[in-house]
Amino acid sequence: MLIFDSVQKKKREFTPLEEGKASLYVCGPTVYDDAHLGHAKSALVFDLLVRVLKANGYDVTYARNITDIDDKIIKKAIEQNKDIKEITEFYTEAFHKEMEAIGVERPDIEPKATESLEAMYELVQKLIDSKHAYKTDDGDVYFDTSSDNKYLSLSHRVQDEEDKVQRVESSSEKKNSADFALWKSVKDNTLTFDSPFGAGRPGWHLECSAMIEKHLAKPHAKFAVDIHGGGADLLFPHHENEAAQTRCATEHALANYWMHNGFVNIDGEKMSKSLGNSFFLKDALKVYDGEVLRFYLLSTHYRSNFNFNEEDLAASKKRLDKIYRLKKRLFGLATNNEKTKFQEKLLSALSDDMNVSLGLALIDEMITHANETLDTAGKHKELKKETISNLYYIEEILGFSVKNPYEYFQYGVDEQTKEKIAELIIQRDEAKKAKDFEASDKLRDEILHYGVSIMDTTQGTFWEKI
RNA sequence: GGUGCCAUCGCCAAGUGGUAAGGCCGCAGCCUGCAAAGCUGCUAUCCCCAGUUCAAAUCUGGGUGGCACCUCCA
């Protein structure tokens, strides 16, 4: 299996720290607002990675944190005059529900910052003891970047000397401008914790390092985890700082492989509050089936920037429809679940740094071939079994077409309408039998009026929501 | 300003030294009472210039045009 390591900037063969096992840590959401399409993309990318690792036979331990200590959370709580916990629990639950809607499986471990404070204290204490961190008169604790000769080795950044001097002058508390807070002294009573370094809050880079030590790190391995992932923007400063803390506080480096997913833009523009174009997942789910969103967001390479627009989304839906139509054609038939050549090729494509585009091309070719054979030799038993097995494989490894095909095509249509359509179809069939095509066409127009399309097959007339 | 990434058919998008996958859209046909669905066929020499090579979309240099990070961010 090949993984593009964004620190070494090349594809590397995946070799786990422990034979047959893979550990993965991904930076999760800060729960102060609804998840947008970018959060969805990141969660989907690593959900797929876990599936591909499992398909390659690895026993995967996947952790994704919930950041529930943050200034933005406090701000929101004050704004809405609510308890901090009320805010974090609300958005955590919303996040879980929305992830479920797009087929993202829950990670094995979902650590919260508020539950990992002891691990954070321990880490900070180690850094102070080893002179990699220092306390200021204000009670803050900073990481001393000049004490780490590997600092910036992750992001390959170069220190800007002039900038450095200027900022040091303006902020006398820090030894170096690049130094970042491990512990921030806070005197108010919003959300503070009594640490060995005084009351305050942890710095935002600290929690990931601490949680990894607590939940995933193997004591004597060269790296704490196999893979560390997150959005492309996190490489600097977040991951750089995480790596520095862990490297200096423990005897191992943080991660063997670093993976970063590309960004989601909306109609060519970056999503941002100031542009007013943040696209929340919950809003997208009102209009689109979660699975269509999953298919669309995963359809291009995870490292590329993704430009979200409705035309491309519609094209993705059509592509997913084709999988479901084939599933519908074979609905209810048994399978032998045998490994096929197609499955091998699909796994091989996905195992090459998750080449989904190539995988989708394989799927489309498989579908065309199956439909072609089914058209010309409808009783081809072996092919039917193989195809069903292939469809199950697509479900398992990509999470596409997991629903009942009939339900999928009638998504969002209420029961009353369904009954009405069924009734009209019966009437039309009768008119057709009587060769009264004028009447049957009229009835079809009436059916189409409900925003559905109908198709006559040898098994009867079916309808789909357009 | 610093650092880095990208540029392939109308649109989305693989391929990264051996002669351009796949999907959407479009056109023609088969099937159909007509449709829909399905199937078949057709549609690019890879931003520009120069170079390396028997061979380049793929490597090198120079342009041009996008984008990201450097501050909170998936």
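Reminder, nothing fancy here: chain letters follow the sequence lines and each chain counts from 1.
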What's [X] touching, base or sugar-phosphate or nothing? Going by heavy atoms closer than 4.0 Å.
{"X": "E365(A)", "answer": "sugar-phosphate"}
{"X": "G231(A)", "answer": "sugar-phosphate"}
{"X": "R325(A)", "answer": "sugar-phosphate"}
{"X": "D233(A)", "answer": "base"}
{"X": "K435(A)", "answer": "nothing"}
{"X": "D312(A)", "answer": "sugar-phosphate"}
{"X": "V264(A)", "answer": "base"}
{"X": "R428(A)", "answer": "base"}
{"X": "K318(A)", "answer": "sugar-phosphate"}

Which whole-number value in Å describes the distance from [X] [atom1] to [N] [atom2]?
{"X": "Y302(A)", "N": "rA14(B)", "atom1": "OH", "atom2": "P", "answer": "12 Å"}
{"X": "I266(A)", "N": "rA68(B)", "atom1": "CD1", "atom2": "P", "answer": "13 Å"}
{"X": "K76(A)", "N": "rC73(B)", "atom1": "NZ", "atom2": "P", "answer": "16 Å"}
{"X": "L320(A)", "N": "rC24(B)", "atom1": "CG", "atom2": "P", "answer": "13 Å"}
{"X": "N261(A)", "N": "rA68(B)", "atom1": "CG", "atom2": "P", "answer": "15 Å"}
{"X": "F342(A)", "N": "rA21(B)", "atom1": "CZ", "atom2": "P", "answer": "20 Å"}
{"X": "E311(A)", "N": "rG23(B)", "atom1": "CD", "atom2": "P", "answer": "20 Å"}
{"X": "Q459(A)", "N": "rU32(B)", "atom1": "CD", "atom2": "P", "answer": "16 Å"}

If you measure from the [atom1] atom in [N] to the same atom in [M], how many Å do you get, rounded?
{"N": "rU45(B)", "M": "rA57(B)", "atom1": "P", "answer": "11 Å"}
{"N": "rU40(B)", "M": "rG4(B)", "atom1": "C1'", "answer": "47 Å"}
{"N": "rU60(B)", "M": "rU16(B)", "atom1": "C1'", "answer": "15 Å"}
{"N": "rC39(B)", "M": "rU32(B)", "atom1": "C1'", "answer": "13 Å"}
{"N": "rC25(B)", "M": "rU58(B)", "atom1": "C1'", "answer": "29 Å"}
{"N": "rC9(B)", "M": "rG2(B)", "atom1": "P", "answer": "32 Å"}
{"N": "rG23(B)", "M": "rA44(B)", "atom1": "P", "answer": "15 Å"}
{"N": "rA7(B)", "M": "rG15(B)", "atom1": "P", "answer": "10 Å"}

**Message:** Closest-nucleotide mapping onto RNA chain B: is Y296(A) or H369(A) further toward the 5' terminus? I mean the 5' end.
**Reply:** Y296(A)
**Prompt:** If you find the nucleotide of RNA chain B closest to T457(A) and the one closest to L360(A), which residue's nucleotide is nearer the 5' end?
**Reply:** L360(A)
Using only side-chain N and O atoms of [X], determine if any of them is under 4.0 Å from OP1 or OP2 of [N].
{"X": "N355(A)", "N": "rG15(B)", "value": "yes"}
{"X": "K72(A)", "N": "rC73(B)", "value": "no"}
{"X": "S357(A)", "N": "rA21(B)", "value": "no"}
{"X": "N305(A)", "N": "rA68(B)", "value": "no"}
{"X": "K317(A)", "N": "rG23(B)", "value": "no"}

Using a strict cut-off of less than 4.0 Å between a Lys/Arg side-chain nitrogen and an Asp/Glu carboxylate oxygen, indicate whether [X] and [Y] qualify as a salt bridge.
{"X": "D5(A)", "Y": "K11(A)", "result": "no"}
{"X": "E446(A)", "Y": "K420(A)", "result": "no"}
{"X": "E100(A)", "Y": "R106(A)", "result": "no"}

Complementary nucleotide of [N], counting Watson-Crick and G-U pairs under 3.5 Å:
{"N": "rU53(B)", "result": "none"}
{"N": "rU58(B)", "result": "none"}
{"N": "rU64(B)", "result": "rA7(B)"}
{"N": "rA20(B)", "result": "none"}
{"N": "rC30(B)", "result": "rG38(B)"}
{"N": "rG1(B)", "result": "rC70(B)"}

So which nucleotide from [options] ends up closest to the side chain of [X]?
{"X": "D456(A)", "options": "rA35(B), rG38(B), rC73(B)", "result": "rA35(B)"}
{"X": "S42(A)", "options": "rC11(B), rA74(B), rC39(B)", "result": "rA74(B)"}
{"X": "L234(A)", "options": "rG2(B), rG38(B), rA74(B)", "result": "rA74(B)"}
{"X": "R157(A)", "options": "rU40(B), rC70(B), rG22(B)", "result": "rC70(B)"}
{"X": "D375(A)", "options": "rC24(B), rC39(B), rA36(B)", "result": "rC39(B)"}
{"X": "A361(A)", "options": "rA36(B), rA21(B), rC34(B)", "result": "rA21(B)"}
{"X": "W204(A)", "options": "rC73(B), rA74(B), rG23(B)", "result": "rC73(B)"}

**Item:** Residue pair N305(A) / F263(A): nearest heavy atoms and the distance that separates them
**Value:**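 What the structure gives for the nearest pair is OD1-N, 2.9 Å.
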**Prompt:** For the side chain of R444(A) and the base of rC34(B), is some donor closer than 3.5 Å to an acceptor across the two?
**Reply:**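 By the distance-only test, yes, there is a pair.
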**Request:** Check if the side chain of H36(A) and the base of rA74(B) share a donor-acceptor pair of N or O atoms closer than 3.5 Å.
**Result:** yes
**Item:** The single option from R294(A), K403(A), K465(A), K317(A) passing side-chain hydrogen bond (donor to acceptor under 3.5 Å, both in side chains) against D289(A)
**Value:** K403(A)
Polar contact flag, side-chain donor to acceptor under 3.5 angstrom, [X]-[Y]:
{"X": "H239(A)", "Y": "H260(A)", "value": "yes"}
{"X": "D70(A)", "Y": "T30(A)", "value": "no"}
{"X": "Y302(A)", "Y": "D353(A)", "value": "yes"}

**Message:** Can you confirm whether or not the ring centre of H228(A) sits under 6.0 Å from the ring centre of Y257(A)?
**Reply:** no
**Asked** Does F263(A) stack onto the base of rA74(B), taking stacking as ring centres under 5.5 Å apart and planes under 30° apart?
**Response**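 Yes, F263(A) stacks on the base of rA74(B).
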**Item:** Parallel, tilted or perpendicular: ring planes of Y151(A) versus F143(A), cut at 30 and 60 degrees
**Value:**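 Correct class here is tilted.
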